[in-house]
Amino acid sequence: MGSSGTGAYETFSAEERAAMKEHAREQKKAARRGSRADKAAEALRDVLAKIAEMQDSDRVMAERVHAVVTAAAPELAPKTWYGMPAYARDGKVVCFFQSAGKFNARYATLGFSDLANLDEGTMWPAGFALTEVTDEVEARIAALVKQAVS
């Protein structure tokens, strides 16, 4: 959101509106009846489908992030959140992957919600830019996710 410089206030971008609509669909889908196991399996399928839709470099990073997060914190449940792969505890998102293509950004983001236990003094990072997921980055992600759920 922003101003056009002419004093006229612009509304949400097309990408932001699409993300909000996607979130509304996710909420409706989650409210449907069904067993917990069926909902978890469907949520995992949705996450994997979202990852598969991503552009090449984003998809490769998202696949690696997914593998690291699910291995480091198996108690987190994969789900989509505003159309992004996310990982939740008790239905509440702890961390998420936002592809660069989602909002036409120059880098992908690994983000953490306020539920993540990453507190460090009076200021700490809650989002990390990703341009490549190397072995070193995987180790850092694993450590952050483990700390986030501790």
Side-chain angles (χ1 to χ4, degrees), residues 1-30 40 42-150:
M1 293 190 341
S3 175
S4 64
T6 62
Y9 189 75
E10 295 178 10
T11 60
F12 293 103
S13 70
E15 293 85 2
E16 291 167 329
R17 284 191 305 276
M20 288 184 283
K21 287 178 183 178
E22 196 146 18
H23 184 61
R25 283 192 297 275
E26 292 163 359
Q27 296 295 86
K28 286 178 187 175
K29 193 176 206 181
E42 186 174 12
L44 176 58
R45 282 192 302 273
D46 291 346
V47 165
L48 296 176
K50 285 296 174 191
I51 291 171
E53 291 172 4
M54 293 178 189
Q55 298 169 357
D56 291 340
S57 62
D58 283 345
R59 186 180 65 253
V60 169
M61 286 191 291
E63 287 169 346
R64 290 185 76 180
V65 167
H66 176 75
V68 170
V69 171
T70 56
E75 65 270 30
L76 294 180
K79 66 182 279 179
T80 56
W81 185 62
Y82 292 94
M84 298 176 283
Y87 305 87
R89 181 175 24 208
D90 300 326
K92 296 180 181 176
V93 171
V94 174
C95 62
F96 62 91
F97 177 85
Q98 180 180 301
S99 69
K102 182 76 175 173
F103 295 107
N104 300 317
R106 67 182 181 101
Y107 52 80
T109 305
L110 174 65
F112 291 88
S113 75
D114 62 330
L115 299 176
N117 295 320
L118 298 177
D119 304 34
E120 186 178 298
T122 58
M123 183 176 156
W124 57 89
F128 297 84
L130 294 172
T131 58
E132 183 181 8
V133 178
T134 63
D135 291 343
E136 181 182 327
V137 171
E138 279 188 5
R140 189 160 178 212
I141 291 169
L144 284 167
V145 170
K146 285 177 184 176
Q147 181 182 347
V149 298
S150 64

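Positions are given from 1 along the sequence. Heavy-atom basis, side chains included; hydrogens, waters and symmetry copies ignored.
Between Met61 and Ala108 the shortest heavy-atom distance is CE-CB, 3.8 Å. Closest non-hydrogen pair, Lys102 versus Tyr82, comes out as NZ-O, 2.9 Å. Nearest heavy atoms, Val149 versus Arg89: O-NH1, 3.1 Å. Across all their heavy atoms, Asp58 and Gly101 have their closest contact at OD2-N, 3.1 Å. Taking all atoms of both residues into account, the shortest heavy-atom contact from Phe12 to Glu16 is CA-OE1, 3.3 Å.
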Show me the side-chain donor-acceptor pairs of residues 62-80 shorter than 3.5 Å, one per line, residues at least two apart or across chains.
{"unit_1": "Arg64", "atom_1": "NE", "unit_2": "Glu138", "atom_2": "OE2", "d": "2.6"}
{"unit_1": "Arg64", "atom_1": "NH1", "unit_2": "Val133", "atom_2": "O", "d": "2.3"}
{"unit_1": "Arg64", "atom_1": "NH2", "unit_2": "Val133", "atom_2": "O", "d": "3.4"}
{"unit_1": "Arg64", "atom_1": "NH2", "unit_2": "Asp135", "atom_2": "OD1", "d": "3.3"}
{"unit_1": "Arg64", "atom_1": "NH2", "unit_2": "Glu138", "atom_2": "OE2", "d": "2.8"}
{"unit_1": "His66", "atom_1": "ND1", "unit_2": "Tyr87", "atom_2": "OH", "d": "2.8"}
{"unit_1": "Thr70", "atom_1": "OG1", "unit_2": "His66", "atom_2": "O", "d": "2.8"}
{"unit_1": "Thr70", "atom_1": "OG1", "unit_2": "Ala67", "atom_2": "O", "d": "3.2"}
{"unit_1": "Lys79", "atom_1": "NZ", "unit_2": "Gly91", "atom_2": "O", "d": "3.2"}
{"unit_1": "Thr80", "atom_1": "OG1", "unit_2": "Glu26", "atom_2": "OE2", "d": "3.1"}

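Crowding of Arg140 atom CZ: a count of heavy atoms from other residues, nucleotides or ligands under 6.0 Å not exceeding 12. Remark: Gln55 CD is loosely packed, at most 12 non-hydrogen atoms of other residues, nucleotides or ligands lying under 6.0 Å away.
To the nearest 0.5 angstrom, Gln98 atom CD is 8.5 Å from Trp81 atom CH2. Rounded to the nearest 0.5 angstrom, Cys95 SG and Leu115 CG are separated by 11.0 Å. Taken from CD in Gln147 to CG in Asp119, the straight-line distance is 8.5 Å, to the nearest 0.5 Å. In this structure, the separation between CG on Asp46 and CG on Leu48 is 9.0 Å, given to the nearest 0.5 Å.
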Practice item. Would you sort out whether Leu118 and Leu144 count as a side chain to side chain contact (heavy atoms under 4.5 Å, CB included), showing the intermediate values? Key: CA-CA 7 Å; Leu118 298 177; Leu144 284 167; 4.0 Å; yes
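Ion pairing of Lys50 with Glu53 is present here, as a side-chain N (NZ or NE/NH1/NH2) and a carboxylate O approach within less than 4.0 Å.
Not counting sequence neighbours, the partners of Tyr107 by the side-chain contact (heavy atoms from CB on, under 4.5 Å) test are Thr109, Ala129, Thr131. Among residues two or more places apart in sequence or in another chain, the salt bridge (Lys or Arg N to Asp or Glu O under 4.0 Å) test is passed with Glu132 by none.
Side-chain contact between Phe97 and Met54 is present, with at least one heavy-atom pair separated by less than 4.5 Å.
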